[in-house]
Number of protein chains: 2
Amino acid sequence: MKVASHPQTTEGRILEVAAELFDERGYRGTTMRELASGVGVKAASLYNHFPSKQAILVRICLDGMREFYDGVLVRLQEIHDLRERMRQLIIWQVEAETRSPYATRISDEQLDALNPQSRRELIDLRDSFERILDNLLNEGKAQEIWHVPHVRVLCQGIIGICKVNPWYKTDGPLTPLQIGEMYAAFILKALAVGDPVLEQGSERA
Amino acid sequence: MKVASHPQTTEGRILEVAAELFDERGYRGTTMRELASGVGVKAASLYNHFPSKQAILVRICLDGMREFYDGVLVRLQEIHDLRERMRQLIIWQVEAETRSPYATRISDEQLDALNPQSRRELIDLRDSFERILDNLLNEGKAQEIWHVPHVRVLCQGIIGICKVNPWYKTDGPLTPLQIGEMYAAFILKALAVGDPVLEQGSERA
DNA sequence: CATTCAAGCTAACGGGTGTTAGTCTAGTAG
DNA sequence: CTACTAGACTAACACCCGTTAGCTTGAATG
């Protein structure tokens with residue numbers, strides 16, 4: 001649940017607690033007094049560290065999203081096999097969801113609580129990530145190793161699978177890595193150009 | 001976006017507008033004055049139709065969820081082929097998402113805004129639906145027509161794909177039915193017990 | 001025509017919200 | 001030892017929220 005891993009400073013604790021509360025009760029459902037109480041401080045003291053409630057949201061969302069996106073780039077560099085790239089992409093998404101859900105799952109509710117500039121930056125980052133996935137699907141389609149009826153819709157479907165935060169529990173039977181591997185295998189099998197007999201499809205080229 | 005399709009009465013319009021606003025801005029992010037304005041009425045007049053803001057949320061969530069769940073039962077009765085049952089289940093989910101997103105997608109934020117009784121009923125309905133999907137997966141596993149490494153996690157993944165509301169646009173290139181069919185084909189292919197060579201899996205029985 | 005009542009309205013209340021002003025204190029630099 | 005400052009605190013402000021009380025109106029009923 002941590003975001004920037006500065007749990008020793010007060011600023012770090014604020015970000016940590018805020019990320020958790022925003023995730024549980026929503027941005028508007030969390031009051032500065034609750035947040036302060038969670039940090040072990042009075043509400044007014046929060047303003048020694050952040051100029052506004054919205055600024056806290058911005059920090060959490062943007063830091064989380066940047067960390068997520070940079071991590072993708074690092075993770076994918078030097079991997080050239082398309083299947084392995086897809087596998088890593090999926091695992092990374094699931095792991096990010098269980099670490100800092102604010103990264104990949106920006107609800108509309110949070111989006112319109114942001115100022116226009118931050119919102120734009122956030123959307124751009126998200127789009128950049130989706131473009132990576134789109135490109136991957138397009139390449140696999142071009143090389144005819146994957147069956148991709150509609151890139152955009154499939155991209156959204158894959159992202160949808162990876163949003164495990166609403167139901168994931170830390171004490172569950174599977175680790176995030178195991179879940180990610182399972183989904184990766186599932187998706188890769190669905191994508192694979194296989195026995196045409198199996199494709200009793202409802203798509204027409 | 002409509003919920004109970006009584007758009008002629010004021011009560012119906014309130015439900016209609018509220019469902020849309022709650023979906024866009026969240027329950028707490030929507031004020032009674034905004035809602036009233038959307039209906040074309042003053043805030044106090046809403047209380048001629050509902051005793052409280054929460055009562056409106058309850059109506060929308062429970063009605064939507066009951067309609068969704070009853071629809072599943074109707075849709076699946078008399079279909080006995082497992083693959084076709086799964087297909088219908090997925091299509092129905094996608095269509096429900098584009099019709100009244102409050103049915104299948106109850107966020108935690110909305111859940112803890114409900115009174116305990118309604119929350120319980122809502123969770124029970126959701127669990128009942130998930131049990132249908134679980135059972136379906138279990139049957140397919142038992143009959144050895146599907147490869148199901150972990151029922152619960154796979155169930156959540158399938159549900160995740162179907163949550164199309166955050167990105168679905170009415171003027172998009174595909175209809176909800178087309179999207180549902182695509183996802184159904186995708187999932188059925190991933191589930192199918194196929195060529196073992198393709199299953200370069202990371203699961204160990 | 002008189003009565004009733006559903007359903008709109010205005011005005012306001014009590015409480016909670018994000019935020020600010022100003023104060024106090026403990027640790028640090030010179 | 002003194003001066004300074006970061007960072008906590010108390011008190012309060014201005015505003016917005018859900019909700020209520022009480023009034024008005026216009027259509028339906030007898």
Side-chain angles (χ1 to χ4, degrees), chain A residues 4 6-62 102 109-119, chain B residues 4 6-61 102 107 109-119:
Chain A
H6 299 298
Q8 51 275 35
T9 73
T10 303
E11 181 184 312
R13 299 217 48 232
I14 292 173
L15 290 172
E16 200 176 17
V17 175
E20 199 156 350
L21 288 178
F22 290 173
D23 184 42
E24 285 174 17
R25 321 189 190 186
Y27 173 69
R28 292 187 234 243
T30 304
T31 71
M32 293 299 264
R33 286 164 178 84
E34 283 174 330
L35 170 54
S37 162
V39 176
V41 128
K42 298 295 176 182
S45 302
L46 299 173
Y47 290 84
N48 286 323
H49 303 276
F50 294 93
S52 69
K53 186 186 182 186
Q54 193 190 217
I56 300 177
L57 180 67
V58 168
R59 261 292 289 278
I60 292 176
C61 287
L62 279 184
Y102 258 46
E109 189 243 340
Q110 282 130 28
L111 263 187
D112 74 33
L114 291 174
N115 61 62
Q117 180 194 331
S118 302
R119 172 166 31 189
Chain B
H6 299 298
Q8 52 274 36
T9 72
T10 303
E11 180 182 313
R13 300 218 46 235
I14 293 174
L15 290 172
E16 200 175 18
V17 176
E20 200 156 350
L21 288 178
F22 290 173
D23 184 41
E24 284 174 17
R25 320 187 192 187
Y27 174 68
R28 291 187 235 243
T30 305
T31 71
M32 293 299 265
R33 286 165 178 84
E34 283 174 330
L35 170 54
S37 163
V39 176
V41 129
K42 298 296 176 184
S45 302
L46 299 174
Y47 290 84
N48 287 324
H49 303 276
F50 295 93
S52 68
K53 185 186 183 187
Q54 193 189 216
I56 300 177
L57 180 67
V58 168
R59 261 291 289 278
I60 292 176
C61 286
Y102 258 46
S107 74
E109 188 243 340
Q110 282 130 27
L111 263 187
D112 73 35
L114 290 173
N115 60 62
Q117 180 193 330
S118 302
R119 171 167 32 191

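Just so it is clear, the structure is predicted and the values come from calculations on it, not from any experiment. Residue numbering restarts at 1 for every chain, and letters A, B, ... go by the order of the sequence lines.
For the pair B:Y27 (side chain) and B:L111 (backbone), a donor-acceptor distance under 3.5 Å is absent.
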| Annotated protein contacts, base or backbone, on nucleotides 23-28 of chain D with a non-hydrogen cut-off under 4.0 Å, one of B, S, - each | ------

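A pairwise comparison of heavy atoms in A:A113 and A:L57 identifies CB-CD2, 4.0 Å as the closest pair. Among all heavy-atom pairs drawn from A:L114 and A:R119, the shortest one is O-NH2, 3.8 Å. Residues B:A19 and B:I60 come closest through the heavy atom pair N-CD1, 3.5 Å. The minimum heavy-atom distance between A:R59 and A:L15, with the atom names listed, is NH2-CD1, 3.2 Å.
Under the side chain to side chain donor-acceptor pair (under 3.5 Å) criterion, A:D112 pairs with A:R28, sequence neighbours left out. B:A44 is linked by a side-chain contact (heavy atoms from CB on, under 4.5 Å) to nothing, counting only residues two or more places apart in sequence or in another chain. For B:A36, the side-chain contact (heavy atoms from CB on, under 4.5 Å) criterion is met by B:V41, B:A43, B:L46, not counting sequence neighbours. Listed by chain and residue number, A:R25 satisfy the salt bridge (Lys or Arg N to Asp or Glu O under 4.0 Å) test with A:E34 (two or more places apart in sequence, or in another chain).
Residue pairs meeting the salt bridge (Lys or Arg N to Asp or Glu O under 4.0 Å) criterion with at least one member in residues 39-57 of chain A: none, sequence neighbours excluded.
In this model, the phosphate group of D:dG7 is not approached by any side-chain N or O of A:S45 to a distance below 4.0 Å at OP1 or OP2.
Within residues 32-44 of chain A, the residues having any heavy atom closer than 4.0 Å to DNA chain D are, in order of number, A:R33, A:V41, A:K42, A:A44. For DNA chain C, the residues of residues 47-56 of chain B within the heavy-atom distance limit of 4.0 Å (strictly under) are B:N48, B:H49, sorted by number.
Remark: C1' of D:dC9 and CG of A:L46 are 12 Å apart, rounded to the nearest angstrom.
Inter-axis angle, ends of the helix from C:dC1-D:dG30 to C:dG30-D:dC1, five pairs per end, rounded to 10 degrees: 10°.
For the atom pair CG (B:L21) and CE (B:M32), the distance works out to 11.5 Å, reported to the nearest 0.5 Å.
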| Where do B:L35 and B:I56 land on the side-chain contact (heavy atoms from CB on, under 4.5 Å) test, with the steps shown first? | CA-CA 11 Å; B:L35 170 54; B:I56 300 177; 3.9 Å; yes

